Amino acid sequence: MLTTLRQIVLEFSQAAELEPALLRLVSQVKDALSAQCCSVYFADHHKQHFLLMASDGLAENAFGRTSIGFTEGLIGLVGQREEPINIANAQQHPDFIHAPEVEEDKYQAFLGTPIIHQRKVLGILTVQQEQARNFSENEEAFLVTLSAQLANAMANIEAQGLMAVSNNQHVVNTHKGIGGAPGIAIGEMIVVHPIVELSSVIVRKEENSLQQIARLNESVKNTLADFSVMGRKLSNIISDSSLDIFEVYKQLLESDNFKDEIISKIKQGWNAESALKIVVDNYIVQFEALDDDYLRERASDIKDLGNRLLKNLQNHKNHKQQLPEEFLLVAQDVTASMIAEHQHLGLSGIISLSGSNNSHATILAKALNIPAIMGIEYLPFQTLHRQQVILDGYSCQLHVAPNDTLITEYQHILQAEGQLQAQVKKVAHLPATTLDDHSVSLMVNSGLSSGFEFTHNVGADGVGLYRTEIPFMNRSCFPSELEQTLLYRQVLTSFKGQPVIMRTLDVGGDKSLPYFPIAEANPFLGWRGIRITLDHPEIFLVQIRAMMKASVGLENLSIMLPMISNLNEVDEAMRLINQAYYELSAELSNQDGAKLLKPKVGVMVEVPSIIFQLEDLASKVDFFSVGSNDLTQYLLAVDRNNKRVASLYDFYHPAILKALHHIAEKSQQCNVPLSICGELANEPIGALLLMAMGYEKLSMSAHSLAKVKWAIRHVEYQQLKTILAHVLTLTSSKKVHSYMHQQLLYLGLEDFVQVRL
Ligand code: PEP
Ligand code: MG
């Protein structure tokens, strides 16, 4: 049975055309269960009915015509109950309705199971038989299992099927992605394909390898020039570490390894295109097999690089397509270079079927302030060329063929967003002080992508979290002490006179290094953050030394330890930090007498265990900083990157708010300065609640700073305390959201309810 089931699902999900696939499905199921009829119905949620799509046993004329309302007949009953219904004599069932056109009078036995994807009924699968009998438990189990396995493939079809409806009848069709860049864009979609694709190269041998090597060299030269032009064009707009991707491409092209590998294939007799394809494919397979989101994304970079080299090998000129004045770009795999090529031509939004928050395309989109949605599965994008869409980068939703009402609604949001942006910018350089004179420090989170974060004109009081991972990621080996020192010096200098909290390397989980792969079944519960660096003191010490060296004369450095789950880790890290400090002090005083100031050292509160040891920790560290992103993930047992459970990941879950409140109370009791650097502080509601709890420093993305400051400057601290007291009595995040929205209205912050900025 298991083999049959697998075979049916596999065939169905790989089929190129829907109709024959459905017909094959029903006849396979009919045979597998030795039934006399099998049928499949699709749910149309707009029309509130199930449509008979295919059957082996019912009248062919009824396919695509006969529909049954969501609350009608046995089919409706299966859909409503969301469970299998097994009836020996269907015709005598009170819910049975007679539909003569399907010609089912001869069937008595009926078994129907719903096909459900992410709690939504997508269709119904039925088997019927002339003999009045109940289907056996095994038969029922088979149909239930099959329906569950078909659900994924059906979700794909549902998207495409509804798309047809939307084209004809103007029904809005919404698709959800898994990440992207914030913002809203309304306009026409333009489908972009890579000009040439390595996947279409048919490998061939060629005699004249010297000529092939010369062609390769020429292509490498031209590709390097392309990347320089792209980097230069963008650097006029952003000065930013997201441009590093073009540097990485260039380094890879200039590195002997990559080119030598291709040349060695040419020397084995392959022509230049084939040699390139073999080498690039090999890299892609290796990257895609990695158990790490960030590294898997690098496969897309290698593919992009390979396609660029191929284009230049074959001397393809860029095919210029006619573009509207403003457009949203959609492609199977939007790459950083695609964005670079289109950004000055009216690009207002980006939609990529593959990719995630980690892709370079996303990083670049954020830096350029272009809304984007990545990882939008099941989008039949080929059919959407020139289609009108609304891209909502806040909720990662794409509305295809929106109706006028929705367009107007979004236009209002866009307009309000623009006004709010202009309004909040006015307070960017004023203190974050409430109407009744309570002040907090607003700081920026930095290091992930944006040079924007390095600028002073966002009005930050310093850096609350500098993530050191990214400079470690875009490379082929660990950065040296000197390289790190120079980089950290840059950061510390740009915030001269203001505190900068640098976090020690926090890799593992969803971030790992190309040259230091970690394969684990449960990476978020595994070797991560401080656990890795304590196991590798040579890496930790180099980083600490680099940070301290960089701070000489600036004295604005604090060091923060990620993923602390017990006190031993703090003791051990402190021992190493002290060792680095004394060694470096000695070295420096021998050299030029420069004095090294010992930095403050704090820990991130992001693993739940440590919440209950704050008093014990207090005497060991200088500050606490809450990592609410991980704290939420660990307290709620919800993987922060797992789409299936994304709706459960909620900062406003009462347990999270209570934990945050407890941390604030304990820190005050122990007299330890407290900050927060998770995403929660980016949201005005979150920031106001945190402030009321007693958080003194809120660290957030540079983009959110002005709006949070504006909200703080328009409320009274005492009012916030009253609001918080009530919030802490609420029992669900839904209640918290609706209460806070209502309070924002009372506080005169209604703009923040509608506009998310
Ligand atoms: C956090 O966990 O809240 C945090 C700020 O760190 P990261 O998102 O880098 O894990
Ligand atoms: Mg974290």
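In this text the structure is predicted, and so the values were computed from the model without any measurement. Just so it is clear, the values below take in all heavy atoms, side chains as well, and ignore hydrogens, waters and symmetry mates.
Note: Tyr466 and Tyr488 have perpendicular aromatic rings, judged against thresholds of 30 and 60 degrees for the angle between ring planes.
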Report the C-alpha separation of Ser733 and His653 in whole Å, then their side-chain angles, then the decisive distance to 0.1 Å, and conclude whether the side-chain hydrogen bond (donor to acceptor under 3.5 Å, both in side chains) test is met. CA-CA 5 Å; Ser733 50; His653 187 300; over 6 Å; no

Walk me through it: do Glu569 and Leu534 pass the test side chain to side chain contact (heavy atoms under 4.5 Å, CB included)? CA-CA 8 Å; Glu569 288 163 342; Leu534 287 184; 3.9 Å; yes

Side chain to side chain contact (heavy atoms under 4.5 Å, CB included) between Ile676 and Ser625, intermediate numbers included: CA-CA 5 Å; Ile676 182 158; Ser625 181; 5.7 Å; no

Given side chain to side chain contact (heavy atoms under 4.5 Å, CB included), test Asp616 with Gln613 step by step and report yes or no. CA-CA 5 Å; Asp616 309 321; Gln613 288 199 288; 3.7 Å; yes

Leu648 and Leu636: side chain to side chain contact (heavy atoms under 4.5 Å, CB included), yes or no, with the steps? CA-CA 8 Å; Leu648 296 175; Leu636 300 182; over 6 Å; no

CA sep, side-chain torsions, deciding dist, call: Asn445, Ser701, side-chain hydrogen bond (donor to acceptor under 3.5 Å, both in side chains): CA-CA 5 Å; Asn445 289 346; Ser701 77; over 6 Å; no

Yes or no on side-chain hydrogen bond (donor to acceptor under 3.5 Å, both in side chains) for Gln543 and Thr468, after CA distance, side-chain angles and deciding distance? CA-CA 9 Å; Gln543 187 175 38; Thr468 54; 3.0 Å; yes

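Under the salt bridge (Lys or Arg N to Asp or Glu O under 4.0 Å) rule, Asp506 has a single partner from Arg528, Arg467, Arg531, which is Arg528.
Here the side chain of Lys176 pairs no donor or acceptor atom with the backbone of Gln397 at under 3.5 angstrom. Under a 3.5 Å cut-off, the side chain of Tyr394 and the backbone N or O of Ala181 do not form any donor-acceptor pair. Listed for the Asp461 side chain is a donor-acceptor partner under 3.5 Å among the backbone atoms of Leu442. Using modelled atom types, one side-chain atom of Ser667 and one backbone atom of Ile663 make a donor-acceptor pair closer than 3.5 Å. Side-chain N or O atoms of Gln742 include none that pairs as donor or acceptor with a backbone N or O of His737 at under 3.5 Å. Looking only at distances, no side-chain donor or acceptor of Lys600 sits under 3.5 Å from a matching main-chain atom of Val621. For Glu520 (side chain) and Trp527 (main-chain N/O), a donor-acceptor pair under 3.5 Å exists by modelled atom type. Under a 3.5 Å cut-off, the side chain of Ser354 and the backbone N or O of Gln332 do form a donor-acceptor pair. Under the 3.5 Å distance criterion, the side-chain polar atoms of Thr335 are matched with a main-chain donor or acceptor of Met338. Although no hydrogens or angles enter the test, the distance criterion places no donor-acceptor pair under 3.5 Å between the side chain of Asn522 and the main chain of Phe524.
Residues passing the side-chain contact (heavy atoms from CB on, under 4.5 Å) test with Ser738: none are found, sequence neighbours excluded. In this structure, the side-chain contact (heavy atoms from CB on, under 4.5 Å) partners of Ile501, at least two apart in sequence or on a different chain, are Ser558, Met560, Phe623.
The two residues Val708 and Ala687 make their nearest non-hydrogen contact at CG1-CB, 3.5 Å. Closest approach of Val334 to Ala361, counting heavy atoms only: O-CB, 3.4 Å. The shortest non-hydrogen separation linking Ala546 to Gln484 is CB-CB, 3.5 Å. Residue Ile116 comes nearest to Ala151 through the heavy atom pair O-CB, 3.2 Å, listed as atom of the first residue, atom of the second, then distance. For the pair Ser348 and Ala185, the tightest heavy-atom approach, listed with the atom from each and the gap, is O-CB, 3.2 Å. Taking each heavy atom of Val736 and Leu730 in turn, the nearest pair found is CA-CD1, 3.8 Å.
The shortest distance between side-chain heavy atoms of Ile351 and Leu329 does not fall below 4.5 Å. Two residues are said to be in side-chain contact when any heavy atoms from C-beta on lie closer than 4.5 Å; Asn682 and Leu705 fail this criterion. Between Leu505 and Ile539 there is a side-chain heavy-atom pair separated by less than 4.5 Å. Residues Met502 and Leu465 are not in side-chain contact: their nearest non-hydrogen atoms beyond the backbone lie 4.5 Å or more apart. Tyr649 is not listed as a side-chain neighbour of Asp639, based on a closest heavy-atom distance of 4.5 Å or more. For the pair Tyr652 and Glu683, the minimum side-chain heavy-atom distance is below 4.5 Å. Counting heavy atoms from C-beta outward, Ile656 and Asp650 have side chains that stay 4.5 Å or more apart. The shortest side-chain heavy-atom distance between Ile184 and Leu391 does not fall under the 4.5 Å cut-off.
Around the NZ atom of Lys658, the shell of radius 6.0 Å holds more than 12 heavy atoms that belong to other residues, nucleotides or ligands.
Ring centers of Phe478 and Phe516: under 6.0 Å apart, within the cut-off.
Once rounded to the nearest 0.5 Å, the distance linking CG of Leu728 with NE2 of His662 reads 13.0 Å. For the atom pair Leu492 CG and Leu487 CG, the distance stands at 9.5 Å (nearest 0.5 Å).
Between Arg503 and Glu469 there is a salt bridge, with a side-chain nitrogen of the basic residue lying less than 4.0 Å from a carboxylate oxygen of the acidic one. Checked for salt-bridge contact, Arg640 and Asp630 meet the test: a charged N lies under 4.0 Å from a carboxylate O.
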